[in-house]
Asks: 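Quick one: this structure, given as structure tokens, is what I'll be asking you about.
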Amino acid sequence: VQLQASGGGLVQAGGSLRLSCAASERTISTYTMGWFRQAPGGEREFVAAISRSGGSTYYADSVKDRFTISRDNAKNTMYLQMNSLEPEDTAVYYCAADIDPRFARGRSANPRAYDYWGQGTLVTVSS
């Protein structure tokens with residue numbers, strides 16, 4: 001499975017961006033999907049995750065109420081709508097897929113649980 005993240009860019013604080021993650025195979029409809037980010041000099045951190053049906057989601061506290069994760073399995077695509085962006089959101093954002101169809105918050109926040117990763121898209125938020 002190949003994942004292609006896109007939609008990053010430069011935005012002012014308070015602005016919005018929507019990231020997309022397109023998958024090469026329809027089988028991702030059976031996978032838990034997630035977004036992670038890595039700031040310069042930092043570790044990869046969890047942002048959000050979504051169950052295979054889209055019925056369950058989980059967010060990091062730092063983005064809750066500002067970001068929304070969603071997916072369109074008919075299009076093999078996952079999204080991350082980011083509103084009220086802050087300079088602290090500046091990072092490379094990665095999408096990932098976990099072939100285990102069971103959705104659990106603890107597992108979904110662990111990058112080691114994911115089997116496939118996209119190449120990342122850079123989001124820069126200026127103050």
Asks: How long is the span from the CG atom in N83 to the CG atom in D65, to the nearest 0.5 Å?
Replies: 11.0 Å

Asks: Would you indicate whether the side-chain heavy atoms of P111 and W117 approach each other to under 4.5 Å?
Replies: yes

Asks: Quick one: pull up CG in N73 and CE in M78 and give me the separation to the nearest 0.5 Å.
Replies: 11.0 Å

Asks: R26: which residues meet the side chain to side chain contact (heavy atoms under 4.5 Å, CB included) condition with it, sequence neighbours left out?
Replies: N76

Asks: Please tell me whether L10 and V92 are part of a single hydrophobic cluster in this structure, the criterion being side-chain heavy atoms less than 4.5 Å apart.
Replies: no

Asks: Below 4.5 Å, heavy atoms only, C-beta onward: do T68 and L80 meet side chain to side chain?
Replies: no

Asks: Quick one: side chains of residues 119-127, donor-acceptor pairs under 3.5 Å with protein atoms, not counting sequence neighbours, listed by atom name and distance.
Replies:
unit_1: Q119; atom_1: OE1; unit_2: A5; atom_2: N; d: 3.3
unit_1: Q119; atom_1: NE2; unit_2: A5; atom_2: O; d: 2.9
unit_1: T121; atom_1: OG1; unit_2: G8; atom_2: N; d: 3.0

Asks: If you compare all heavy atoms of S84 against all heavy atoms of D89, which two are closest, and at what distance to 0.1 Å?
Replies: O-OD2, 4.4 Å

Asks: Does anything in residues 45-57 form a side-chain hydrogen bond (donor to acceptor under 3.5 Å, both in side chains)? List the pairs, not counting sequence neighbours.
Replies: R37-E45

Asks: Is I50 linked to Y94 within one hydrophobic cluster, defined over Ile, Leu, Val, Met, Phe, Trp and Tyr using a side-chain heavy-atom separation of less than 4.5 Å?
Replies: no

Asks: Which residue pairs pass the ring-ring contact (aromatic ring centres under 6.0 Å, His included) test when at least one of the two sits in residues 37-80, sequence neighbours left out?
Replies: F36-F46, F46-Y58

Asks: Can you find a heavy atom in the side chain of M33 that is under 4.5 Å from one in the side chain of L3?
Replies: yes

Asks: Would you check if there is a donor-acceptor pair between the side chains of T77 and D72 at a distance under 3.5 Å?
Replies: no

Asks: Would one find more than 12 heavy atoms of other residues, nucleotides or ligands at under 6.0 Å from atom CD of Q2?
Replies: no

Asks: Please tell me if the side chains of S70 and Q81 come closer than 4.5 Å, counting only heavy atoms from C-beta onward.
Replies: no

Asks: Give the minimum heavy-atom separation between P101 and T32, together with the two atoms involved.
Replies: O-OG1, 4.2 Å

Asks: Does a side-chain heavy-atom distance below 4.5 Å link C21 with W35?
Replies: yes

Asks: Which pairs pass disulfide (SG to SG under 2.5 Å) with one or both residues in residues 96-127, sequence neighbours excluded?
Replies: none

Asks: Give, for atom OH of Y93 and atom CZ of R44, the distance between the pair rounded to the nearest 0.5 Å.
Replies: 13.0 Å

Asks: Examine distances only and state if a side-chain atom of S62 and a backbone atom of A60 form a donor-acceptor pair shorter than 3.5 Å.
Replies: no

Asks: Quick one: which residue pairs count as a side-chain hydrogen bond (donor to acceptor under 3.5 Å, both in side chains) with a foot in residues 105-114, not counting sequence neighbours?
Replies: D98-R107

